[in-house]
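We use all heavy atoms of the structure for the numbers below, so side chains are in, but hydrogens, waters and symmetry mates are not.
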Amino acid sequence: MDNKDLNNDLFAGGSISGDEKKKNKKSKKTEKVKKPGAASKKSLSANAKKAIKITTAVVLVVAILVTYMATGAVRKGFVNSVLQWTTNLTAVTVETADGDKISVPVSVYNYYFALAYNNMKNTQEAYEASGLSSLLGYDVDFSKPFSSQKTTNDDGDEVTWAQRMKEEVIENIKHVYSLYSAAVKDNDGKEPEITSSQKSEIDEALETYKGYADSYGYTLSAYLVAAMGKGVTESVFRREATRSYIADNYESSIEDEKVKVERTDEDYTEYRDKHEDEVKTVEIRIFDAQSEDDAKKFKDELAQDASNFTELAVKYAKEGFYKEYYKEDSASTFVHATRNSLSGFSLSQKDEDGDYYGLDWLFSKNRKAGDSLQYKNTVVYVTAPAEFCESSSIDVRHILVTPVEHNHAEGESDEEETEAVDATDEQWAAALNKANSIVDEFNKGDKTAESFGKLAEKYTADEGSEKTGGLYEDVYPGQMIQTFNNWCFDENRKDGDVAVVKTEVGYHIMYFDGRTETPIWKRLVQIELPTEVSLSENIADTAKAHVNLIGSCYFQRDVDIDR
């Protein structure tokens, strides 16, 4: 039996994880929805990507779903003794905000490498199944050495996958150890107990491993070393799994505690200038056809000044709801679009060379008003090229009236419900009548934001804003559905304006609550640099990790654990 067979057996099962984090409570009814013919893709912010990577910090793996390409013999603890002295070298020193310094040995680095590798492989497989792996930067080939493949890190720098893995492993170690240290300090310097269930999970995991080890005539520690890297013995596995649970439990206990973070204008402008591709916005006409052939025909028929864009959008729209929907210019217009907000269009897909040709073309410094492009299923016409938008973010209230009733009974999924775009003409007409009657009721009153809010609490189908009087504050471009977005950011919009806007989810009775004093570019940066963060996030983010040069020579760093 060779190592490849051993690892295949070890990595064939499932995994045990900590409690699932709370979901984002924002209602689906006001989020962006994909256009007809577009791939179901959604871009993630840097913070969201970071959250995905940090999941290795709270996951106890029973059986990793991917095989390391191990080489060499492993027999009854032999590997456990080879270069074992190296696993006690300091790999990383974690320095907490309080100035405490924690030395983390090479064996622990290798443990977290195995978890990070597993997490990345599982994430990549899940994204690939949904067509998201390329869009979200997980198009790594696990059959080839990481050191031979290029990618980008969170700072946008080109690195190898081996370098990116190293960065993520160190980030995970910093995350766990900073929270673990805080948990011990808050417990009078003693290590907090984990739950009996968590203890059982660790015991069961190791018992599962021991069964595999016995079947091959290995000691448990030798088996873990073969699977997870040099130095990852039974005691290391048990200790690190326990510390991960302690960190996770502590993080959960303080998840509602917030701390203020000082941000200066220099912080915002520095981020803006370093991440201008994420912050700049364009104004465009855009349409996703049902096929690339239709998109080519659309582009061929498009007038030089795009005066027939709406006409063509109706012509090539999907039968049913969209034939009527695209009769309004706003349905194919996107005001202040960011790269992220265009993730639902095929324009955002990678090309054969792995580049984002469509988005790169659109946000190029060479772009000018009047330029047009057909890329995959998308046709786009530029009305204003990319810039740092100085217009303000806005506050808006709305009341959503849907053409179909949604019964969120327990056990009933969204897929079992009728979507608004599939509603009948009669249902849409009824929804419009209801929306107009609510507008009439509003107009009979004092027509203030407060009175509108009371009607929203009474009538709206948007669960995300029913308790706030329909209010969304500091709204930025692309946050809301396209026609909703365009109404909000119309340069002629005035405080107190009321209108009924049709979107793919229903009719929105809009109330313009006013412009903020925050420029759109700054609001987009504030999403990445918030002034209030969770206490747990602050603990992890303010900690520092310093890599030991000698210890790093023995890091696990590629697909083959013996490299």
Side-chain angles (χ1 to χ4, degrees), residues 25-33 283 324-325 327-331 333-336 389-406 420 423 425-520 522-523 526:
K25 295 181 179 179
K26 182 179 174 183
S27 172
K28 290 181 179 179
K29 294 186 178 69
T30 54
E31 291 177 340
K32 293 181 291 180
V33 296
E283 295 192 25
E324 189 68 27
Y325 177 70
K327 289 181 179 179
E328 296 293 330
D329 290 348
S330 182
T333 300
F334 212 139
V335 179
H336 304 313
C389 186
E390 296 291 343
S391 299
S392 297
S393 60
I394 58 94
D395 295 336
V396 65
R397 295 178 185 267
H398 85 123
I399 299 170
L400 174 62
V401 180
T402 61
V404 292
E405 294 296 326
H406 288 279
D425 291 343
E426 290 75 14
Q427 287 174 309
W428 276 103
L432 180 58
N433 286 337
K434 181 178 179 180
N436 287 332
S437 68
I438 295 171
V439 172
D440 289 341
E441 186 174 346
F442 171 74
N443 287 331
K444 290 176 182 177
D446 57 13
K447 296 191 284 188
T448 63
E450 290 73 19
S451 62
F452 188 95
K454 290 179 180 178
L455 291 175
E457 291 173 4
K458 180 179 180 181
Y459 292 116
T460 191
D462 175 25
E463 298 169 4
S465 65
E466 62 183 347
K467 289 183 171 59
T468 62
L471 178 64
Y472 282 100
E473 297 180 291
D474 224 3
V475 174
Y476 55 90
Q479 180 178 349
M480 301 301 184
I481 297 174
Q482 196 165 319
T483 47
F484 187 119
N485 175 89
N486 295 339
W487 187 88
C488 292
F489 291 101
D490 186 322
E491 61 182 11
N492 297 316
R493 190 65 52 228
K494 297 177 181 177
D495 292 4
D497 279 358
V498 175
V500 176
V501 174
K502 187 178 185 179
T503 75
E504 296 98 320
V505 296
Y507 286 105
H508 302 258
I509 306 166
M510 312 290 292
Y511 180 93
F512 193 73
D513 219 58
R515 291 179 173 83
T516 70
E517 296 182 358
T518 307
I520 285 172
K522 190 173 185 178
R523 177 67 183 114
Q526 287 174 343

| query | Are F484 and H398 near enough that their ring centres are under 6.0 Å apart? | reply | yes
| request: Answer yes or no: is there a donor N or O on one side and an acceptor on the other, between the side chain of S465 and the main chain of T468, under 3.5 Å? | output: no
| task | Indicate yes or no: does K327 engage E324 in a salt bridge with an N to O separation below 4.0 Å. | result | yes
| request: Flag yes if more than 12 heavy atoms outside E390 fall under 6.0 Å of its CD atom; otherwise flag no. | output: yes
| request: Could you tell me the separation between the CG atom of D490 and the OG atom of S391, rounded to the nearest 0.5 Å? | output: 11.0 Å
| Pairwise side-chain contact, V475 with M480, heavy-atom cut-off 4.5 Å (strictly under) | yes
| query | Mind checking whether M510 and V498 have side chains closer than 4.5 Å, heavy atoms only? | reply | no
| note | Those residues at least two apart in sequence (or on a different chain) that pass ring-ring contact (aromatic ring centres under 6.0 Å, His included) with Y507 are W428
| In chain order, what residues pass the side-chain contact (heavy atoms from CB on, under 4.5 Å) check against Q526, with sequence neighbours excluded? | Y268, D474, T518, K522, R523
| message | Contact between P477 and N485 at the side-chain level, heavy atoms closer than 4.5 Å - yes or no? | response | yes
| task | Start with the C-alpha distance between V396 and D513, add both sets of side-chain angles, then the distance that settles side chain to side chain contact (heavy atoms under 4.5 Å, CB included), and finish with yes or no. | result | CA-CA 5 Å; V396 65; D513 219 58; 5.6 Å; no
| Which heavy atom of D495 sits nearest a heavy atom of G514, and at what distance? | OD1-CA, 3.2 Å
| To the nearest 0.5 Å, what is the distance between CD1 (I394) and CZ (R515)? | 8.5 Å
| said: Closer than 3.5 angstrom, by distance alone: can the side chain of D497 be matched with the main-chain N or O of K494 as a donor-acceptor pair? | reply: yes
| If you measure only the distance, is there a donor-acceptor pair under 3.5 Å linking the side chains of S393 and T516? | yes
| Minimum heavy-atom distance P403-A420, with the two atoms named | CG-CB, 3.7 Å
| Does any donor atom in the side chain of T460 or D462 lie under 3.5 Å from an acceptor atom in the other side chain? | no
| Quick one: does Q482's side chain have a donor or acceptor within less than 3.5 Å of a partner on T333's backbone? | yes
| query | Between the side chain of R493 and the main-chain N/O of W487, is any donor-acceptor distance below 3.5 Å? | reply | yes
| query | Tell me, do E283 and H336 make a side-chain contact under 4.5 Å, heavy atoms counted? | reply | yes
| message | Let's go through T483 and N486 carefully: what are the C-alpha distance in whole Å and the side-chain angles of both, what is the deciding distance for side-chain hydrogen bond (donor to acceptor under 3.5 Å, both in side chains) to 0.1 Å, and is it a yes or a no? | response | CA-CA 5 Å; T483 47; N486 295 339; over 6 Å; no
| said: Students often mix this up, so state it plainly: with edges at 30° and 60°, are the rings of F442 and F452 parallel, tilted or perpendicular? | reply: perpendicular
| remark: Closest heavy-atom pair, G453 versus R397, reported as atoms and distance to 0.1 Å, is CA-NH1, 3.9 Å
| request: Verify, without hydrogens or angle tests, whether Q479 (side chain) and Y476 (backbone) share a donor-acceptor contact under 3.5 angstrom. | output: yes
| Do Y511 and D395 meet the criterion of a side-chain donor-acceptor pair at a distance under 3.5 Å? | no
| request: Go through I399 and I438 one step at a time and tell me if the side chain to side chain contact (heavy atoms under 4.5 Å, CB included) criterion holds. | output: CA-CA 9 Å; I399 299 170; I438 295 171; 3.9 Å; yes
| query | Rounded to the nearest 0.5 Å, how far apart are SG of C488 and CD1 of I481? | reply | 11.0 Å
